[in-house]
Amino acid sequence: MNIDLIFRIAAIGILVAVLNSLLSKSGRDEQAMMTTLAGLVVVLLMVVREIANLFDTVKKLFNF
Amino acid sequence: MDLIRIGVMGIISAVLIVLIKNQKPEIGLQISLVFGAVVMVTLAGRIKTILDLISLYFNRADMSGAYITSLFKIIGMAYITEFAAESCRDASQGSIAAKVELAGKVMIMITAIPIITSVMSVIVNML
């Protein structure tokens with residue numbers, strides 16, 4: 001029951017949101033876009049690893 | 001005990017998702033995906049015990065083993081299809097969820113073909 005994964009993703013989301021509004025306020029919109037994409041990629045990697053773990057468990061469990 | 005932990009995690013994830021939803025909707029969706037995956041993995045252990053119980057009774061009644069494995073496979077497929085379809089519906093993509101469910105049904109039907117043919121042959125022999 002690793003709940004820290006959820007907290008990590010939420011922290012990244014909040015960080016990206018704050019950075020995004022900060023950068024867009026200071027006029028640098030393209031860097032704001034870059035930080036959004038970077039945050040999204042990092043979170044996506046974590047999510048994909050967790051879902052791959054789920055599918056492996058199901059495959060092993062139901063002897064696919 | 002695990003139920004309490006899952007419930008608390010669900011509430012925390014829901015609050016975090018609402019918090020992040022209005023700025024970054026895509027990361028909110030991914031929090032619900034990760035929560036779904038984590039809960040399904042922990043539940044898999046519990047389902048394992050149920051499946052062992054079922055196969056134990058099947059062996060004791062010495063029924064033929066071929067049907068048990070396809071039965072378990074069908075349960076696994078339903079498990080994965082439900083997870084994927086609900087995640088897509090959570091991202092308000094109803095049509096994708098429907099397609100995933102259709103694919104799941106087709107695959108389950110394919111796996112169930114030997115069982116259906118054996119049932120048909122038994123019925124035909126009876127008549």
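Here is the naming used below: chain letters follow the sequence lines, and residue numbers restart at 1 for every chain.
Pairs engaging residues 21-62 of chain A under the ring-ring contact (aromatic ring centres under 6.0 Å, His included) rule: A:Phe62-B:Tyr79 [sequence neighbours left out].
Residue B:Ile12 touches chain A through its side chain alone, counting heavy-atom pairs closer than 4.5 Å. For a residue to count as touching a neighbouring chain, one of its non-hydrogen atoms must lie under 4.5 Å from one of that chain's; by this rule B:Lys24 touches chain A with the side chain only. Within the 4.5 angstrom heavy-atom criterion, no atom of B:Leu71 approaches chain A. Looking at A:Val47, both its backbone and its side chain come within 4.5 Å of chain B, counting heavy atoms on both sides. Residue A:Asp56 does not touch chain B at all, counting heavy-atom pairs closer than 4.5 Å.
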- Message: Apply side chain to side chain contact (heavy atoms under 4.5 Å, CB included) to residues A:Met46 and A:Val42 and explain how you reach the verdict.
- Response: CA-CA 7 Å; A:Met46 286 190 205; A:Val42 167; 4.3 Å; yes
- Message: Is there a side chain to side chain contact (heavy atoms under 4.5 Å, CB included) between A:Val16 and A:Val43? Walk through the geometry before answering.
- Response: CA-CA 11 Å; A:Val16 163; A:Val43 169; over 6 Å; no
- Let me see the working for B:Arg89 and B:Glu101 under side chain to side chain contact (heavy atoms under 4.5 Å, CB included), right down to the final yes or no. CA-CA 11 Å; B:Arg89 204 162 282 130; B:Glu101 272 170 4; 3.2 Å; yes
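Side-chain atoms of B:Asp2 and B:Arg5, non-hydrogen and from C-beta on, do get closer than 4.5 Å to each other. A heavy-atom distance below 4.5 Å is not found between the side chains of B:Lys99 and B:Gln93. A 4.5 Å side-chain heavy-atom check between B:Met77 and B:Thr111 finds at least one atom pair inside the cut-off. No side-chain heavy atom of B:Glu26 sits less than 4.5 Å from a side-chain heavy atom of A:Leu44. For the pair B:Gln30 and A:Glu50, the minimum side-chain heavy-atom distance is 4.5 Å or more.
Close approach to chain B, defined as a heavy atom under 4.5 Å from one of its heavy atoms, is seen in A:Thr36 of residues 26-38 of chain A, taken by number. Of all residues spanning residues 6-13 of chain A, those with a heavy atom less than 4.5 Å away from chain B's heavy atoms are A:Ile6, A:Phe7, A:Ile9, A:Ala10, A:Gly13, arranged by number.
For chain A, the option among B:Gly28, B:Ser13, B:Ala37 with the highest count of heavy-atom pairs below 4.5 Å is B:Ala37.
In terms of the side-chain hydrogen bond (donor to acceptor under 3.5 Å, both in side chains) criterion, residue partners of B:Asp90 (sequence neighbours excluded) are, by chain and number, B:Ser32.
Minimum heavy-atom separation, B:Phe35 to B:Ile6: CZ-O, 3.9 Å. Here the closest heavy-atom approach between residue B:Ser55 and residue B:Ile68 is recorded as CB-CG2, 4.5 Å.
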